> 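There's a structure below that I have some questions on.
Ligands are counted one by one from 1 in listed order, and the atoms in each one are counted from 1 as well. What you see is a predicted model, and the numbers here were worked out from it, not measured in a lab.
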Amino acid sequence: MANWKPLEQMTYLGKRYPRLDGPGKVSGATKYTFDLTLPGMLHAAILSSPHPAAKIKSIDASAAQALPGVKAVLTDIHPTGTVRYVGEEVAVVAATTIALAHEALELIKVEYEILPFACDIETAMQESAARVFSDQPNIREPRKDGKGDIAAGFAQAAVTIEGDYRTQVQVHACLETHGSIAQWEGDMLTVWDSTQSINPVREAIAKFLNLPQTNVRVICDYMGGGFGSKLQAGRYSAMAARLAKAANAPVKLMLTRPQDLMIAGNRPNALVHVKAGASSDGKVIAFSTKSYGTAGVAPNARIRLPIVYEDIPNVSTEHYDVFTNAGEARAFRAPGCPQASFVMEQVMDELAEKLKMDPLAFRLKNDANATRQMQWKLGAEKFGWNKRAAQANADAGPIKRGMGLGAAIWWPGGRGTQAQMTILPDGGIEVRCGTQDIGTGTRTIVAAVAAEELGVPITAVKALIGDTNYPYSGGSGGSTTAPSVAPAIKNTAEKAKEKLLTVAAQHFGVTANEVTLANGKAFVNADEKKSLSWKQLCALLGATPIMVNGEWVEGLSSAGVAGCQFAEVEVDTETGRVTVLRILAVQDCGLVLDRLTAESQVNGGVIQGLSYALYEERLMDRVTGAHLNARFENYKIAGALEMPKIDIILTDQPERGVIGIGEPVKVPTAAAIANAVYHATGKRMREIPMTPDRVLRALHG
Ligand code: MOS
């Protein structure tokens, strides 16, 4: 099995180095799909349904067609002719400017037959509610799971708790909205897509347009956030391609911000009734839930309960997906987990309190994961858990402080990725890999892994990614990117290195294993004075570059991580305002490729988790069916002013190889904050976001 060399021999891996695309990004020079302009490019805009449920009876686009500057209009884009949520795509226009395209949308006359709707979960669950799909009830068949004997578990429990928990719908809020630019050259289609999945998008576009995949190329050089919502092709990609064909010109189609928030994915909500019991010696022995959640017009609002503490012997879960007239959910950073953690970790605290146990001691009793056992203790010590007041609501004044904690977990590891390396006679190094950088630093680690193997500076490697013309890699999802890509790059670089060593050995008149490639040169082990600079070595290639292909191999990556987070909050009991003072994240990370970008992911997860805990919530209007806050003006996301001090401890396990940590770091943040709010106030927040009105209601209501 393949192996990484020991950490102490590494130049880059395990260390801190800035991302290669940092200067371009902060200076604005970097071009995202949103920024690209092709010669003769048209701009497209989508007409969104204003109705949450309606049959499209007719569309008259003649006035729009006649508007000078309008080059193409499509009125057949809806797959069924019945719209099921506000914002859904009804027609699309391409024009010479984006302003003209929007003007043209106003000229399209759509005749709707308006249907009854249910845009929120409470309404949709009522007996008399309008059906989202006429042929089936809104509440779907349950998914039941469990083990042991739940009744016997509760019978043995010394303490039990029971309660209703609730989480909200969170939208992905990617800084770059979803969208594509499509360009035809003959029957060859090139799509620049804001995506975390160039290859799956290529496949989907080819299928939709009935083209061979060989005729479709997808490019994503840089993208502004996906978090799971850009793992799939959007209807917009196919629309851009069809408009480009019709108008015989490249077409850019980016969703507007409201469209992006309405139609391009969300994290489902969860209504969870939970009952749990623990034995007198502090073990959770019974856990049962009945939960509901909506993924809008799609199924799969399932939450992952019980989470982390999976050794509970008696478990019963029953989950119902509920259809609503709202945009469909998509995978969102640790799907099903932050909502489960919010429930689970508070249940743990409630049980601990009934047993008069410290929440940390209770975790140590119930957490079977050895890594996390170590992390709980390490984190508690660094955080100062021993300074935590034994009782909740210990502060006398109106401003109260509290501490809470929660556990992180994630499962998937690496998988098939291919790569190619070219070494040119002038010393140039190119690595090609059909992965993409969703903002986590993939381009940088591709270059770093190659540079590490070849013994050259990271800046000597040109990392070429984000193009389906490059060797295959999968979507950047499930925290699989680093453990998929890094092994493939190493394997490829090893093969190039082998060829270079042979060239050098021939030159020196020794065997390849008597030569070393390091510090930008090749030298004979026995006599370091016999050396060639990198450029001299590559010049020996003559006219023929080295070109090798490699792939993901076993042994360089692992699956499964553990972590935990500690939060300290301040609650103003007069205003209901919660301020998070500090978060400590302890995270298992396998072999850290770049400490800076790894820590950046932890920061991102904590920030997004804090935002989920305190601010974000999709609001649907029961009267009109509209998504009321589909704008950043009123869809509040945590900003710089709300940031706590974030401390990060990566508990490296380099012997395990590379592991992804994009997702686990978002899992426990909201739970840790909620537990801290309880500790501060003595009132349990069973609903997020913990906005001032909800906090005040919990305190005084
Ligand atoms: Mo992730 S939700 O698999 O991008």
> Got F323 and I139 here, is their nearest side-chain heavy-atom distance under 4.5 Å?
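No - every pair of side-chain heavy atoms lies 4.5 Å or more apart.
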> Taking all atoms of both residues into account, what is the closest heavy-atom pair of M254 and S180, and its distance?
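Scanning both residues, the minimum pair turns out to be SD-N, 3.9 Å.
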> Would you please test D467 and R217 for salt bridge (charged side-chain N to carboxylate O under 4.0 Å, His left out) and show each step?
CA-CA 7 Å; D467 189 331; R217 178 180 176 193; 2.6 Å; yes
> So which protein residues pack against ligand 1 under 4.0 Å, heavy atoms counted?
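Lining ligand 1 at under 4.0 Å, by heavy atoms, one finds Q196, F227, G228, L231, A331, F332, R333, P335, S476, G477, G478, E663.
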> Any non-hydrogen side-chain atom of T190 less than 4.5 Å from a side-chain atom of I219?
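T190 reaches I219 side chain to side chain.
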> Between K230 and C174, does the side chain to side chain contact (heavy atoms under 4.5 Å, CB included) criterion hold? Intermediate values first, please.
CA-CA 9 Å; K230 293 177 180 170; C174 310; 3.9 Å; yes
> Side chains of S611 and E616: do they bring a donor and an acceptor to under 3.5 Å?
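On atom types as modelled, these side chains qualify, holding a pair under 3.5 Å.
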